[in-house]
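Presented below is the structure to which this report refers.
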Amino acid sequence: ISLAFANPLGGLDQLLHGADHLRGWGTAAYPDPVLYRPNGFESGAERFKYVINPRFGNTQPSNTLLRTPFRVTLDISLEVGRPLPQQQLNRWIHPGRGGRKGPKLSAKELERRYARSVPNPYSDILEQSDSLLLSRDQAEALAKADTAYQQQIDSIWTNVSEYLAALPDNFNSADALKRQEDAVEAGWELTRNDLKTTLPQILNPIQLKLLPGMWTDLMKMTGKVPFRYFNG
């Protein structure tokens, strides 16, 4: 459930001053552009008669219909069906258990799938070597950092995959889901901390600003990483 306000100043203006005495809060000024108004037609001379518009250039809010409305919007969303993380777990763990059709995935097969949960930042950055103007020393340092990072994150996927692969036919789905989500969260947290520690030691300030936006955003985040946002 979310509540959104549009132009609250306009609503407060009308509440305090009334529709006939608006001060223009929250509304752009729209001056009256009409200088002359037709006031009749002279048939003998075949021409219109005009008078000067006394409101020409007037920006008084009560004299114009071009106003920014005040709105209050209440949005209510309801998920129908299982959440996506639960659907993923079911697709990968249920087959081959409890008489269900499909092959039972091994720990190695699960590990390969979970490894896709967090993209490799160093591979992505190295692919941008031309646009980042990476030197040879920088590229080698990033490759070395990639090796160390890969060893750490692989251990996360190995642990969760071995746990899930060893589950019996009847298992606690809530516990399995928590292990899965904790592993993915740990993967993103490891990635964020590794980038924040390593990249400033390798790249110069200009190169850091030119990084792909995904990794820049990740390094700037504080608190829990909203990994589902990065996962699309």
Side-chain angles (χ1 to χ4, degrees), residues 81-129 132 134 138-203 208 211-232:
R82 293 185 176 90
L84 290 177
Q86 182 68 63
Q87 294 181 39
Q88 174 182 285
L89 181 72
N90 293 348
R91 287 197 309 269
W92 293 357
I93 305 303
H94 281 179
R97 286 181 171 81
R100 299 182 182 91
K101 295 181 180 180
K104 183 177 179 181
L105 297 180
S106 67
K108 285 296 182 183
E109 291 169 325
L110 287 171
E111 184 177 344
R112 283 195 294 270
R113 298 190 180 197
Y114 280 112
R116 296 196 293 266
S117 301
V118 181
N120 185 315
Y122 294 104
S123 295
D124 188 25
I125 294 171
L126 286 168
E127 288 178 359
Q128 309 290 330
S129 59
L132 292 174
L134 296 178
Q138 287 177 319
E140 290 177 352
L142 287 170
K144 184 178 180 180
D146 180 30
T147 300
Y149 162 80
Q150 201 64 55
Q151 290 175 350
Q152 296 180 73
I153 201 165
D154 282 350
S155 66
I156 295 176
W157 308 136
T158 298
N159 289 337
V160 69
S161 298
E162 289 178 349
Y163 164 79
L164 294 174
L167 289 174
D169 287 349
N170 299 315
F171 60 90
N172 188 312
S173 182
D175 289 346
L177 179 62
K178 186 177 187 306
R179 288 291 292 265
Q180 170 186 273
E181 297 304 278
D182 286 349
V184 177
E185 182 181 338
W188 278 109
E189 185 65 21
L190 167 66
T191 302
R192 173 174 61 178
N193 291 333
D194 198 85
L195 292 178
K196 290 175 68 173
T197 302
T198 305
L199 291 185
Q201 300 178 17
I202 300 175
L203 305 180
L208 289 172
L211 285 174
M214 176 181 185
W215 308 121
T216 301
D217 293 343
L218 181 63
M219 288 191 293
K220 290 180 180 179
M221 285 183 178
T222 58
K224 184 178 179 180
V225 177
F227 56 87
R228 289 299 169 192
Y229 162 77
F230 288 109
N231 246 7

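Residue numbers count from 1 along this sequence.
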| query | Is L211 close to L132 at the side-chain level, that is, under 4.5 Å between some pair of heavy atoms? | reply | yes

| query | Between I156 and A183, which heavy-atom pair has the shortest distance, and what is it? | reply | CG2-O, 3.5 Å

| message | Quick check against the 3.5 Å criterion: does D194 have a side-chain atom that pairs as donor or acceptor with the backbone of L190? | response | no

| request: Hey, could you give me the CD1/CD1 distance between I125 and I202, rounded to the nearest 0.5 Å? | output: 8.5 Å

| What do the steps show when you test L142 against L199 for side chain to side chain contact (heavy atoms under 4.5 Å, CB included), and what is the final call? | CA-CA 8 Å; L142 287 170; L199 291 185; 3.8 Å; yes

| message | With a 4.5 Å cut-off on side-chain heavy atoms, are P121 and T191 touching? | response | yes

| note | Heavy-atom closest pair (Q180 atom, Q88 atom, distance to 0.1 Å) is OE1-NE2, 3.3 Å

| Would you say S155's side chain and Q152's backbone share a donor-acceptor pair under 3.5 angstrom? | yes

| Donor-acceptor pair between S106 and E111 side chains, under 3.5 angstrom | no

| Roughly how far apart are M219 CE and N193 CG, rounded to 0.5 Å? | 12.0 Å

| Are any of the side-chain heavy atoms of L203 and L134 separated by less than 4.5 Å? | yes

| How close do W157 and S117 get, heavy atom to heavy atom, and via which atoms? | CH2-CB, 4.1 Å

| field | Nearest heavy-atom neighbours spanning R97 and L167 | value | NE-O, 3.0 Å

| Rounded to the nearest 0.5 Å, how far does CG of L177 lie from CG of N172? | 10.0 Å

| said: Within the 4.5 Å heavy-atom criterion, are H94 and F171 side-chain neighbours or not? | reply: yes

| query | To the nearest 0.5 Å, what is the distance between NZ (K220) and CG (L218)? | reply | 12.0 Å

| query | Do the rings of W92 and Y114 sit parallel, tilted or perpendicular, given the 30° and 60° boundaries? | reply | perpendicular

| field | Side chains of K104 and P95 in contact at under 4.5 Å (non-hydrogen atoms) | value | no

| field | Inter- and intrachain pairs under salt bridge (Lys or Arg N to Asp or Glu O under 4.0 Å), touching residues 156-179, at least two apart | value | K178-D182

| query | Is any side-chain heavy atom of E181 less than 4.5 Å from a side-chain heavy atom of P85? | reply | yes

| request: For atom CG of N170, decide whether the heavy atoms of other residues, nucleotides or ligands shown that lie under 6.0 angstrom number more than 12. | output: no

| Taking it one step at a time, do Q86 and S173 satisfy side chain to side chain contact (heavy atoms under 4.5 Å, CB included)? | CA-CA 9 Å; Q86 182 68 63; S173 182; 3.1 Å; yes

| Would you say T147 and Y122 make side-chain contact, with heavy atoms under 4.5 Å? | no

| Which pair of non-hydrogen atoms, one from T216 and one from L208, has the smallest distance, and what is that distance? | OG1-O, 4.0 Å

| message | Distance alone, cut at 3.5 Å: any donor-acceptor contact between the side chains of N120 and Y149? | response | no

| message | Quick check: closest heavy atoms across P119 and W215, and the distance to 0.1 Å? | response | O-CH2, 3.5 Å

